[in-house]
Amino acid sequence: MFSLHSALPARRGLLYVALAATAWGTAGAAAALLFRQSGLGPLALTFWRSLGGAAVLLAVRVGRGGGRSRPVPVRILFNGLGLTLFQAAYFLAVRHTGLAVATVVTLGSAPVMVALGGRLLMGERLGRAGVSAIAGALLGLAVLVLGGGADAGVEPRGLAWALASAAGYAAITVATRHWARTGAADDPAVTTLWSFAICAVCLAPFGYAEGLLPTAHALPSTLLLLGYLATVPTALAYALYFAGAAVIRAATASVVTLIEPLSATVIAAAVLDEPLTPSALLGTAVLLLSVVALARAELRAA
């Protein structure tokens with residue numbers, strides 16, 4: 001699939017995280033389309049995403065002859081539970097408050113949580129460039145949210161789920177970087193495989209309660225969307241993310257993944273017919289500039 005080793009250059013790590021974030025931006029749009037036509041709820045959809053992602057990663061691993069990597073149970077359990085919270089809460093937020101708001105709030109609050117965790121657990125210093133980039137990113141996110149106006153459909157329950165999703169994401173990001181710094185990082189592909197397997201097991205009873213089988217209406221396109229969801233923004237994107245996050249700072253990884261709401265905004269306009277207001281375009285531009293500034297600072301520090 002791609003190079004996975006502890007000596008991965010910071011430049012390539014940034015690229016992997018950026019590619020993962022771009023792919024993630026398509027997951028919410030796929031979920032929004034599936035909510036319209038499949039009859040699946042957020043937890044059932046997350047179950048199928050996780051199960052499909054685990055199956056794809058397992059097939060790739062078997063095809064490549066496997067390996068001798070043995071992940072530490074405590075770490076894969078932590079990652080699996082964090083991933084479960086991140087994914088399930090995000091789809092719940094999309095269902096309750098819409099794609100744009102859910103994505104923006106989740107990825108907007110995550111950098112703050114990650115920065116605090118990185119500071120407390122690893123003593124990471126952001127520096128003036130990092131602080132300025134995060135401030136700019138949060139400003140861009142604020143413009144995106146406020147630019148939605150009264151018709152944005154923001155609901156407190158959806159916002160709460162988005163914050164819970166951000167907490168799950170932040171926990172995975174900080175833990176991945178911490179283990180890599182102590183020399184205890186696992187093979188990202190193995191970590192991702194086990195994490196999705198744990199996520200599927202955790203969500204199976206909740207998905208069953210919602211209804212695991214999609215409706216017969218538009219079944220071919222539903223299966224196509226589920227297949228896409230399990231491969232590109234799941235199996236591939238998370239493997240890329242775990243590989244990249246292990247070699248760049250936690251706060252940097254969290255801000256680079258703000259590319260996700262950028263790609264989600266573009267897809268929402270092109271696929272879901274959501275209008276791009278001047279405020280949305282301004283917020284997108286500020287976000288992108290912040291990501292570029294922080295990436296440059298990371299490369300200079302490498």
Side-chain angles (χ1 to χ4, degrees), residues 20-56 83-108 110 144 148 152-155 157-166 168-169 195-196 199-200 202-204 206-215 217-238 241 257-274:
T22 302
W24 282 341
T26 68
L33 292 173
L34 285 166
F35 288 149
R36 293 179 180 180
Q37 68 181 43
S38 69
L40 295 172
L43 300 181
L45 183 56
T46 309
F47 166 79
W48 285 118
R49 178 186 187 183
S50 302
L51 184 64
V56 171
L83 189 65
T84 301
L85 177 61
F86 178 32
Q87 289 196 118
Y90 174 66
F91 281 164
L92 282 162
V94 171
R95 166 59 67 88
H96 289 296
T97 198
L99 171 61
V101 173
T103 307
V104 165
V105 173
T106 297
L107 274 296
L144 280 172
V154 179
E155 295 186 8
R157 181 168 52 173
L159 292 179
W161 282 120
L163 291 173
S165 178
Y169 164 80
S195 297
F196 279 117
C199 184
C202 290
L203 290 175
F206 300 100
Y208 179 80
E210 276 190 347
L212 283 176
L213 298 180
T215 61
H217 173 68
L219 186 58
S221 61
T222 292
L223 295 177
L224 184 62
L225 283 170
L226 285 173
Y228 173 81
L229 192 61
T231 51
V232 177
T234 303
L236 176 61
Y238 277 97
Y241 172 76
T257 54
L258 291 173
I259 293 172
E260 180 180 350
L262 304 185
S263 58
T265 299
V266 173
I267 293 169
V271 179
L272 303 178
D273 297 324
E274 294 183 7

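The first residue of the sequence shown is numbered 1, and numbering continues consecutively from there.
Looking only at side-chain heavy atoms (C-beta outward), Gln87 and Tyr238 come within less than 4.5 Å of each other. Taking the side chain as every heavy atom from C-beta outward, Pro42 and Val94 never approach each other to under 4.5 Å. Side-chain contact check for Glu210 versus Leu40: every heavy-atom pair is 4.5 Å or farther apart. A heavy-atom distance below 4.5 Å is found between the side chains of Arg49 and Phe91. Between Thr46 and Leu92, every side-chain heavy-atom pair lies at or beyond the 4.5 Å cut-off. Within the 4.5 Å cutoff, the side chain of Tyr228 has heavy atoms near those of the Pro233 side chain.
Remark: side-chain polar atoms of Trp48 are paired, donor with acceptor, to backbone N or O of Leu212 under 3.5 angstrom. In this structure, the side chain of Ser165 does not engage the main chain of Trp161 through any donor-acceptor pair within 3.5 Å.
Using cut-offs of 30° and 60° for the angle between ring planes, the Tyr169 and Phe86 rings count as tilted. Ring-plane geometry between Trp24 and Tyr241 is classed as tilted, the angle between the planes lying from 30 to 60 degrees on a 0 to 90 degree scale.
Here Thr215 pairs with His217 under the side chain to side chain contact (heavy atoms under 4.5 Å, CB included) rule; sequence neighbours left out. For Thr231, the side chain to side chain contact (heavy atoms under 4.5 Å, CB included) test picks out Val56, with sequence neighbours left out.
The 12-atom threshold is exceeded at CZ of Phe35, counting heavy atoms of other residues, nucleotides or ligands nearer than 6.0 Å.
Taking all atoms of both residues into account, the shortest heavy-atom contact from Ser38 to Thr222 is CB-CG2, 3.7 Å. Considering all non-hydrogen atoms of both residues, Gly53 and Thr234 come closest at CA-CG2, 3.9 Å.
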Listing, residues 101-108 side-chain donor-acceptor contacts under 3.5 Å, not counting sequence neighbours, or none:
residue: Thr103; atom: OG1; partner: Tyr90; partner atom: OH; Å: 2.7
residue: Thr103; atom: OG1; partner: Leu99; partner atom: O; Å: 2.8
residue: Thr106; atom: OG1; partner: Ala102; partner atom: O; Å: 2.8
residue: Thr106; atom: OG1; partner: Ala162; partner atom: O; Å: 3.3

Checklist entry - Can you list the steps and then say if Leu45 with Leu229 is a side-chain contact (heavy atoms from CB on, under 4.5 Å)? => result CA-CA 10 Å; Leu45 183 56; Leu229 192 61; 3.8 Å; yes
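Note that OG1 of Thr84 and CZ of Phe206 are 10.0 Å apart. Values are rounded to the nearest 0.5 Å. For the atom pair CG of Leu225 and CG of Leu34, the computed distance is 4.5 Å after rounding to the nearest 0.5 Å. In this structure, CZ in Phe47 is found 10.0 Å from SG in Cys199, a value given to the nearest 0.5 Å.
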